[in-house]
Structures are given as structure tokens and as C-alpha cells.
Amino acid sequence: MEQKQVIENLKASMLPVRGGVFYMGDTHSLYNPLLGSKIGSTKVELSDFHICDHTLTNVEWCAITGEPLNGNPNEPKTNVTWHDVYDFLSKLNKQTGWNFRLPTEAEWEYAARGGELTHDTVFAGGTILDNVGWYKINSKGRLQDVCQLKCNELGLYDMSGNVREWCSDIYAAQYAVGERTGFFSSDRKPVNNPQGALSGRKRVVRGGSYLQKEIYSWVFFRDKLDSTDSAKDCGFRLAY
């Protein structure tokens, strides 16, 4: 596919997400009983943003980088480090004049949940993972083409399963929390557009993959990789 057409298709795939306030994290209290640990939750306020309806594919990567196509054109691009992704973004932004980036962890979760249209399901787009995502049971151990299963409320595909996705944030063990609304109050103001930790080697990855169990595809499940690591089940999607 020609580079010009790929770029136009990517631009058309960027869907608007109206910002808002939401509780980020395990609002269903599922993490603790099943995994023996607790992720908690925090109140977050996000500005409007755009996010791609699919994870970046092999053909899209090659059209921008000039690398030869290796693999199925419509499968997600994988085996890329966090730094590889930012090199790609630099090339893409130079070619388009746009400001493409990775989504923050908060933006990713809010979008996966369906934004202001959310039905508050534990998977992105439904309660039954087989309908919305590729994971260990239904993938037959193979990476799948993008956009084959049901999308979520915002029209986003594969946010539960197929590949884990890099986010922009440096991983922080605990979410930031907002200031108290009053001196004697336990209520807190939402954290505005959180960006993750200020330093560290680990970056956030989200979404579960075709190699993992069902629980890794929960919209609030957190994972991390070293920024110099790559994996055959980890890719990314664009935001701006």
C-alpha cells in the first residue's frame, strides 16, 4: 500500500473521545480475590483526545518506515520497544505535520471502557471476551488480523486481547490521587490528565494478548515492560 494512502487511512481511523471524569482501576473489586493483590482505583478527569480504532499494523509500519513487509499485512506490528515506537512516531509526525503519540494509561483505560458511552463491562465492548477479544482460549496460539471481532461503544477494536499495547506513561506502582475536597473530608478531587511516574525504566502496557488468560484482558488490568524490551504479543495504537 502506498504511503499516502496509508496516512490518509490512519487519519480517518482516529476517533474522537470526549473527555470526562471516571474512576480508573478495579471498580469491580475483581483483582484482589482472583490474583491475591489489589490495584485500587482513582478518580480521573481527562481532556478530549483522539485514538485509533485499531492497533498499528505491519503494512502501516512498513509504509512509514520504508522497511520491507515481513508477515501478515493486517496483523498488529509487534516486537517493538517503547523507544522503537517513538522513533516511528517521529517519522510519522514529520511526514504528516500532525502530533501523533501514544495514549496515556488513563486515556487508554477510559477509551477501552467506552468513554462517556460506557456500559461498565470488564472487557472492552462486552461481558463475554470471545465476542470482543483474542486470548489464550480462542486465538489458537496465533496473532490475529485487526478489527475482526466486535468493537466497543466508541468503535474501538481489540482493546481486550490480541496484543498488549504500549502507553506513554512511566510505570508507577500506585495511581496518583487528587487533593481532599475539604480538611475533614475523605472525598478527593479528580486527578487531571495523569501522566504516570516522573522516572523509571518500566513503561505501562495494557490490554492483554492472544497468549494470555482471560483476566489479563480486563479493561483495568495493568502490566509493564522495560522500555528497551520487545515482545511478540505487544504492539501499540496511535493517539493525539
Side-chain angles (χ1 to χ4, degrees), residues 10 13-15 17 19-20 22-26 31 39-42 44-57 60-61 76-90 92-93 99-115 118 123-124 133 146 152 154 156-176 191-209 212 216-240:
L10 280 175
S13 300
M14 301 300 295
L15 302 184
V17 182
F22 81 111
Y23 281 93
M24 176 180 175
D26 183 10
Y31 216 92
I39 195 170
S41 64
T42 189
V44 171
E45 183 173 13
L46 293 176
S47 303
D48 297 348
F49 61 99
H50 286 72
I51 192 166
C52 194
D53 67 5
H54 64 277
T55 48
L56 193 96
T57 63
E60 291 166 340
W61 175 276
K77 176 62 180 177
T78 60
N79 286 309
V80 288
T81 70
W82 188 88
H83 300 287
D84 291 336
V85 172
Y86 270 84
D87 287 343
F88 171 86
L89 292 171
S90 178
L92 178 60
N93 289 335
N99 187 30
F100 289 106
R101 58 179 175 82
L102 287 175
T104 66
E105 182 180 15
E107 288 173 339
W108 191 98
E109 182 173 324
Y110 182 67
R113 288 177 175 273
T118 184
F123 304 115
V146 300
N152 77 349
L154 293 174
L156 306 175
Y157 293 88
D158 303 316
M159 296 198 81
S160 284
N162 210 22
V163 293
R164 296 176 290 166
E165 301 178 20
W166 286 111
C167 294
S168 63
D169 308 47
I170 297 174
Y171 180 83
Q174 300 294 329
Y175 290 136
V191 182
N192 185 258
N193 293 309
Q195 304 291 314
L198 297 178
S199 63
R201 294 181 57 184
K202 302 292 185 181
R203 264 56 175 187
V204 175
V205 291
R206 286 296 204 108
S209 82
Q212 295 181 312
Y216 294 92
S217 292
W218 290 338
V219 291
F220 53 82
F221 188 91
R222 305 183 74 207
D223 206 350
K224 60 185 182 296
L225 284 173
D226 194 288
S227 63
T228 58
D229 285 345
S230 61
K232 63 182 180 181
D233 66 338
C234 186
F236 67 101
R237 78 177 63 219
L238 301 174
Y240 74 79

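For the residue pair Pro76 and Val146, the shortest heavy atom distance occurs at CG-CG1, 3.8 Å.
Ser217 places no side-chain N or O within 3.5 Å of a backbone atom of Gly208 that could act as its donor or acceptor partner. Side chain of Asp169 to main chain of Glu105: a donor-acceptor pair is present (N/O by atom type, distance under 3.5 Å, no hydrogens or angles). In this structure, Ser13 contributes its side chain and Cys52 its backbone to no donor-acceptor pair below 3.5 Å. At distances below 3.5 Å, at least one donor-acceptor pair connects side-chain atoms of Asn93 with backbone N or O atoms of Phe100.
Separation of the Tyr240 and His50 ring centroids falls under the 6.0 Å cut-off.
Applying the ring pair (Phe, Tyr, Trp, His ring centres under 6.0 Å) test to Phe22 and every residue at least two apart in sequence or in another chain returns Tyr110.
At least one side-chain heavy atom of Trp82 sits under 4.5 Å from a side-chain heavy atom of Leu102.
Among residues at least two apart or in separate chains, salt bridge (charged side-chain N to carboxylate O under 4.0 Å, His left out) pairs with a member in residues 192-204 are Arg201-Asp226.
Atom CH2 of Trp108 is separated from atom CG of Leu156 by 9.5 Å, given to the nearest 0.5 angstrom. The structure places CG of Asn152 at 10.0 Å from CG of Asp53, a figure rounded to the nearest 0.5 Å. A distance of 12.5 Å separates CD of Glu165 from CG of Asp223, quoted to the nearest 0.5 Å.
Salt-bridge annotation for Arg206 and Glu109: present, with a side-chain N of the basic residue lying under 4.0 Å from a carboxylate O of the acidic one.
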Inset, instruction - Show your working on side chain to side chain contact (heavy atoms under 4.5 Å, CB included) between Leu225 and Cys234 and close with a plain yes or no. - result: CA-CA 10 Å; Leu225 284 173; Cys234 186; 4.0 Å; yes

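Checked by atom type, the side-chain pair His83/Ser227 shows a donor-acceptor distance below 3.5 Å.
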